[in-house]
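In each ligand, atom 1 is the first atom listed, and ligand 1 is the first ligand listed. We number each residue from 1, following the sequence as shown. Quick caveat: nothing in here was measured; it's all calculated off a predicted structure.
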Amino acid sequence: MLPPPDPRFAAQSSWLEIDAQALAQNARVLRDVLGAGVRLGGVLKGNAYGHGFAQVLPLAHAACDILYVIDPRDALEVRGFEAKGGVPRRQVLVLGAVEADEAVALARAGVDLALTDSGQERFVPALRAAGVRLRGHVHIDTGLGREGFTPGELASGLGFLAAARDVIEVAGVLSHFANTEDVTEQSYALSQLAAFDEGTRRLREALGGAGELERHIAASAAALLLPHARYDAVRAGIALYGLWPSNETRLSMRALTGRVPELKPVLAWRCQSQLTKWLPKGSYVGYGCTFRCPVDTRIAVLPLGYFDGYPRLLSSRAHVLVEGQRCPVLGRVMMNHVVVDVTRAQGQGALVATLLGRDGDEQVPADQLAAWAQTINYEIVTRIGAHLRRIVV
Ligand SMILES: *Cc1c(COP(=O)(O)O)cnc(C)c1O
């Protein structure tokens, strides 16, 4: 645990610690599972799953073969980082929505783009006018019902790509699973794999002499659980950050392989108390007077709240860790304040509370916060405010 942060920033004294070694270890664990010949891609969308794009970029760049982003500006930031640091370029692929001028910028920067629908035909004149060639990966919607060409749309999609060969090079083909993390039997994933293979076959046929296509469909869960979904590359998000896609994924992993690889959470979220004080028995705490102290109670007021991404659903449910001990959240989580019971804490000055992560022998995992807040660990970490300080440790 870090010492409390610089008191000049006391008003925002909640901070995130990003464990560089944990991320490197998770990448090694994933490579181990994948074996040789499968490229490891890291997904940096959602502010690097809330861990901080700027802080994670150097770590993921070193640990992964490919970087996947949603926002084209993030891809350009990767190129800027490489140019500034004099590090070799990684393959970068934009999975998300882009405008024609952004497609031109990506082509110039040597960034790949997912080709998801016929509406992208509008990129063609812009690319021609700019005199650049874009590397695209055809996204086939094999059953998620999100972006990508459905099998029925593929013929018309391939038509526009065949006519745009001068400015769009089809370098890969991808898809995305719908429910690999929700189930322990993977029949739907198998139907998606069959559709992916069929779509890839039609794509190859339509493009004739095109070079090798990079095939990728697996996110974390499928990368771990489905060996024949690994193809040429996997797109690992949540697992790279040391979190399991779901409990089902962890259970399936044990059932299928007899062992559960050790992923190490990369993130800890801590803060320094704004003040501590004693409230006499019978006092109320927080909006709605939902908590009343049954005995004299020492409280700590923590300077963070739902504005910072600490869910209001954690009201009266969660605990934080102080001096390695569980301290319950009292009453409602407020916009900028959380009140916790620190009666058992020894420290007299400002206390350091761990909202997420480990402190001594205790920990508050993202999965635990997710269960309390009726959501998934993905949402817990990605919603942690982008305004908070992130420190790589
Ligand atoms: C988010 C996402 C991933 C990564 O998913 P994880 O479950 O976090 O590994 C991979 N591919 C696509 C298309 C995604 O949207």
Quiz question: by atom type and distance under 3.5 Å, do the side chains of Asp197 and Tyr231 form a donor-acceptor pair?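 The answer is yes; a qualifying pair exists.
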
State, without any angle test, whether Trp269 and Thr354 hold a side-chain donor-acceptor pair at a distance under 3.5 Å.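 No, because no side-chain N or O of Trp269 sits under 3.5 Å from a partner of the opposite role on Thr354.
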
Closest approach of any protein heavy atom to [atom], naming residue and atom:
atom	value
atom 7 (O) of ligand 1	Tyr378 OH, 2.6 Å
atom 9 (O) of ligand 1	Ser220 OG, 2.5 Å
atom 5 (O) of ligand 1	Ala219 CB, 3.3 Å
atom 12 (C) of ligand 1	His176 CE1, 3.3 Å
atom 8 (O) of ligand 1	Tyr49 OH, 2.5 Å

Nearest 0.5 Å, please: how far is CH2 in Trp278 from SG in Cys293?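 Spacing of SG (Cys293) from CH2 (Trp278) equals 10.5 Å.
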
Quick one: OG1 on Thr375 to CG on Leu313, what's the gap to the nearest 0.5 Å?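 The CG atom of Leu313 is 9.0 Å from OG1 of Thr375, to the nearest 0.5 Å.
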
Return a yes/no value for Ala239: is any of its N or O atoms, backbone included, closer than 3.5 angstrom to an N or O of ligand 1?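 In fact, backbone or side chain, Ala239 has no N or O that close.
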
Polar contact flag for Ala221 and ligand 1 (N/O pairs, less than 3.5 Å):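 No; every N/O pair is 3.5 Å or more apart.
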
Are Arg39 and Glu214 within salt-bridge range, i.e. N to O under 4.0 Å?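 The answer is yes: the pair qualifies as a salt bridge.
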
Could you tell me whether Arg298 and Asp341 make a salt bridge, using a distance below 4.0 angstrom between a side-chain N and a carboxylate O?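 No, Arg298 and Asp341 are not salt-bridged.
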
For atom 15 (O) of ligand 1, the option (of Arg235, His139, Lys45) bearing the nearest heavy atom: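 Minimum heavy-atom distance to atom 15 (O) of ligand 1 goes to Lys45.
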
Only one of Arg89, Arg90, Arg133, Arg135 clears salt bridge (Lys or Arg N to Asp or Glu O under 4.0 Å) with Asp112; which?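 Option passing the salt bridge (Lys or Arg N to Asp or Glu O under 4.0 Å) with Asp112: Arg135.
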
Can you tell me if His216 has a non-hydrogen atom under 4.0 Å from ligand 1?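 Under 4.0 Å: no for His216.
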
